[in-house]
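Inspection log for the structure reproduced underneath, given as structure tokens.
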Amino acid sequence: MMRSLLFMIAVALSACGGGDGASFAPASGNTHCGVSVGKQRITGTVTSVHDGDTITVGGESIRLASIDAPELDQAYGPSSRANLAAMVLGQSVTVTYAQKDFYDRVVGTVFKSDCSPVNLNQVASGAAWYYEAYQCEIDIRQRQAYAAAHSAARTAKKGLWANVAVAPWVHRNGVEAKVPVSCPNGDAASD
């Protein structure tokens, strides 16, 4: 399983993008750093880290896609934020996205200039959950990478998994999230 996770991370790091300065632009394709992603791009410096899954880049609030971190008032919430801040605060990143959420935040996948996948690294370090309720928004290769990272962190009792952990969606709403049994776009890899 760890071998599979390392392979998925290697694939994600195989082609690199990034850049300097803040810019908002459509991309020429649906991949960045070898990962299938949304076509919109924001490149700039991370100026703040709100919590373990929300940052600010170029004045834009960015909600990290495919993950959910503990709320700040939950156990491990401040540690999750600190982990994300150590990874990206003050650094140049590229955010790829296709949509905004109900709160007008960009919902995106964040890559450091060396193509490190920030969202996936939050899960792999035990600082966030893979948010399976939204699995149909990413392709099968990403679902597999997130699931493997989540499982490995949990098995190793990394980060939030060192103690009993309450999922943030349960903390917020009191109910488990509904995970789709299958995705309308199937399980074929996106190109």
Side-chain angles (χ1 to χ4, degrees), residues 1-14 32-37 49-55 62-89 91 93 96 107-112 114-183 185-190:
M1 179 168 43
M2 185 58 122
R3 181 183 227 163
S4 171
L5 173 61
L6 293 175
F7 174 75
M8 295 301 224
I9 291 172
V11 168
L13 296 175
S14 65
H32 183 78
C33 292
V35 178
S36 294
V37 293
V49 176
H50 173 70
D51 57 24
D53 56 30
T54 308
I55 61 175
I62 312 294
R63 171 67 168 80
L64 277 65
S66 303
I67 73 171
D68 203 1
E71 299 295 334
L72 293 175
D73 66 344
Q74 280 186 269
Y76 207 77
S79 296
S80 177
R81 176 176 54 187
N83 189 71
L84 183 57
M87 212 180 326
V88 298
L89 188 60
Q91 297 185 37
V93 298
T96 62
V107 179
T109 304
V110 180
F111 296 92
K112 293 176 64 169
D114 67 357
C115 283
S116 299
V118 174
N119 307 37
L120 182 61
N121 287 341
Q122 272 292 86
V123 174
S125 65
W129 276 258
Y130 164 39
Y131 207 170
E132 290 179 289
Y134 294 96
Q135 68 184 353
C136 294
E137 295 179 4
I138 57 177
D139 90 352
I140 186 66
R141 292 173 291 205
Q142 291 176 67
R143 283 182 243 156
Q144 291 168 341
Y146 279 103
H150 182 104
S151 180
R154 189 172 189 166
T155 299
K157 297 189 183 298
K158 285 184 174 180
L160 65 93
W161 301 111
N163 298 300
V164 175
V166 175
W169 54 86
V170 172
H171 177 74
R172 287 189 300 266
N173 307 317
V175 296
E176 278 296 334
K178 293 181 182 177
V179 177
V181 176
S182 64
C183 296
N185 60 349
D187 286 334
S190 300

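In this structure, the side chain of Asp51 does not engage the main chain of Arg81 through any donor-acceptor pair within 3.5 Å. In this structure a side-chain-to-backbone donor-acceptor pair under 3.5 Å is missing from Gln91 to Lys112.
When every heavy atom of Gly126 is checked against every heavy atom of Trp161, the shortest pair comes out as CA-CD1, 4.1 Å. Considering all non-hydrogen atoms of both residues, Leu120 and Ala149 come closest at CD1-CB, 3.7 Å. The heavy-atom pair separating Pro117 from Phe111 by the smallest distance is CA-CD2, 4.1 Å. The two residues Ser116 and Asn121 have their closest heavy-atom pair at CB-ND2, 3.9 Å. Here the shortest heavy-atom pairing between Glu71 and Pro168 reads OE2-CB, 4.3 Å. In this structure, Ala153 and Ala124 approach most closely via the heavy-atom pair CB-O, 3.6 Å.
Between Asp68 and Arg63, some side-chain heavy-atom pair lies under the 4.5 Å cut-off. At a threshold of 4.5 Å between non-hydrogen side-chain atoms, the residues Ile55 and Leu64 count as touching. The shortest distance between side-chain heavy atoms of Pro70 and Leu160 falls below 4.5 Å.
A search for side-chain contact (heavy atoms from CB on, under 4.5 Å) contacts involving Ser66 returns Ile138, Tyr146, not counting sequence neighbours. Checked against side-chain contact (heavy atoms from CB on, under 4.5 Å), Ala133 has the following partners two or more places apart in sequence or in another chain: Tyr131, Ala177. With sequence neighbours excluded, the residues that form a side-chain contact (heavy atoms from CB on, under 4.5 Å) with Ala127 are Tyr76, Ser80, Asn83, Gln122, Ser125.
The CD1 atom of Ile62 sits 14.0 Å away from atom NE2 of His50, with the distance rounded to the nearest 0.5 Å. Here Tyr130 contributes atom OH and Arg143 contributes atom CZ; the two are 6.5 Å apart, rounded to the nearest 0.5 Å. Summarising the geometry, atom CD belonging to Gln142 is positioned 6.0 Å from atom OG belonging to Ser36; distances are rounded to the nearest 0.5 Å.
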Between His171 and Asp73, does a side chain to side chain contact (heavy atoms under 4.5 Å, CB included) hold up when you go through it step by step?
CA-CA 10 Å; His171 177 74; Asp73 66 344; 3.0 Å; yes
Verdict with reasoning, Val107 to Tyr134, per side chain to side chain contact (heavy atoms under 4.5 Å, CB included)
CA-CA 11 Å; Val107 179; Tyr134 294 96; over 6 Å; no
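Ionic pairing of Arg141 and Asp139 is present here: one or more N-O contacts between side-chain nitrogen and carboxylate oxygen are shorter than 4.0 angstrom.
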